[in-house]
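Reading through the structure tokens given below for one structure.
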Amino acid sequence: MPNSDNFSHPCDRRRYIPFFHIKDIDYEHAVFEKYYSVLYVSLNADLTLWRKYKDYHKPKKTKIIFDLTDNYLSENIVKSILKSLIFFVTRKNKNFSISFKEAVIRFLEVCDVVTVGSLEQKNDLAYYHPNVYVVRDYFYDDLADLFLKKQVEKIPIQNEINILWEGFLHGQTKIEKQFKEILFSITDSLKLNINFHVVTDEHKCFLFGKYFCSPTLKVLQKKLSHRNINIYFYPWSPNNLISASKKCDFAIIPTLNESFFQSKPENKLILLWMLGLPVLTGYTPSYSRVLKDSDNYSC
């Protein structure tokens, strides 16, 4: 069960799809009634349904791999209950679960292997499952053109700075607030004009990535209205990410002092480094570890 029907979602194409291609493994979008020897389940799947898969196909022995990309065991309980309720009402989930956290825990009981993005996530899950493996994102397919083409040195323009942000904006109101604090602080204190290059989805959805959506550029222009800030929007694609990165001086990763966010892996930081950009970010355990391991801790 992938994160997208065509396997184009970053969590699909950056994790298991490259492995399947390299190993020449056949794969398809799973159907519950069909038997598979190996089932790879993402967080986009109906966990309340797929936890019953082994019982449905007894006595056959399916091995289930659970891609637990984000640590929803640390999510705010109110948000977790609301998410589960909306999933059930909209029929994304066929069975009701008191909270999304409970659905995750019950699925952990039936899966054979769990993959996560960082050592910190692995440690957090040790209590819930004995077979947890760290699988970091594979960026080389997305950035293939970057390594094939000679880098063109960016010529700085006086009193102007170019800043990159890449990612998903759905429901990230607190992240938008940090955009404003960071960019306004830079332009007001350093008297610089800012070109803010944003690579993300064309629409920002305010609820679970699919409800109450508005054009992303319009949302950002309203939030970041300032005479010295220009916003350049790029629909997410590997080529657009590379193109935007070549125009920028550095990238930013806003961070939140919340357990769910603090448990995120280091994938985004590594991606931006691979693009050749310094990164302005805050503390998370994963970021701190990677900075130390790469001898960049003083930065």
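Excluded from the calculations below are hydrogen atoms, water molecules and symmetry mates; all remaining heavy atoms, backbone and side chain alike, are included.
Qualifying side chain to side chain donor-acceptor pair (under 3.5 Å) partners for Lys101, counting only residues two or more places apart in sequence or in other chains: none. Here Lys61 pairs with nothing under the salt bridge (charged side-chain N to carboxylate O under 4.0 Å, His left out) rule; sequence neighbours left out. Not counting sequence neighbours, Lys191 has no partner by the salt bridge (charged side-chain N to carboxylate O under 4.0 Å, His left out) test. Residues satisfying the ring pair (Phe, Tyr, Trp, His ring centres under 6.0 Å) criterion with Phe100, sequence neighbours excluded, are Tyr72, Phe87.
The aromatic rings of Tyr27 and His21 sit tilted relative to each other, their planes meeting at an angle between 30° and 60°. Ring-plane geometry between Tyr40 and Tyr16 is classed as tilted, the angle between the planes lying from 30 to 60 degrees on a 0 to 90 degree scale. Ring pair His57/Tyr35 is tilted by interplanar angle, where 30° to 60° counts as tilted.
Aromatic rings from Tyr232 and Tyr234 are positioned such that their centres are separated by 6.0 Å or more. Aromatic pair Trp50/Phe32: ring centres closer than 6.0 Å.
Of the charged side-chain nitrogens involved, at least one lies within less than 4.0 Å of a carboxylate oxygen, so that Asp55 and Lys58 count as a salt-bridged pair. With respect to Arg51 and Asp46, no salt bridge is recorded, no charged nitrogen being found less than 4.0 Å from a carboxylate O.
Taking the ring centre of Trp273 as origin, the terminal cationic atom of Lys268 falls outside the region bounded by 6.0 Å and 45° from the ring axis.
Atoms CD and OG1, on Glu120 and Thr284 in that order, are 7.5 Å from each other to the nearest 0.5 Å. Atom CE in Met274 sits 5.5 Å away from atom CG in Leu143 (nearest 0.5 Å).
For the pair Thr187 (side chain) and Asn193 (backbone), a donor-acceptor distance under 3.5 Å is absent.
Of all heavy-atom pairs spanning Val134 and Ser118, the tightest one is CG2-O, 3.5 Å.
Taking a 4.5 Å side-chain heavy-atom cut-off between Ile, Leu, Val, Met, Phe, Trp and Tyr, the cluster of Val78 extends to Ile77, Ile81.
The same ILVMFWY cluster, assembled from side-chain heavy atoms under 4.5 Å apart, contains both Ile25 and Val38. Leu192 and Phe250 end up in the same hydrophobic cluster when Ile, Leu, Val, Met, Phe, Trp and Tyr side chains are linked at under 4.5 Å. Linking ILVMFWY side-chain heavy atoms closer than 4.5 Å, directly or via other members, places Ile182 and Ile231 in a single hydrophobic cluster.
A side-chain hydrogen bond (donor to acceptor under 3.5 Å, both in side chains) check over residues 213-227, counting only residues at least two apart or in different chains, returns the pairs Asp188-His226.
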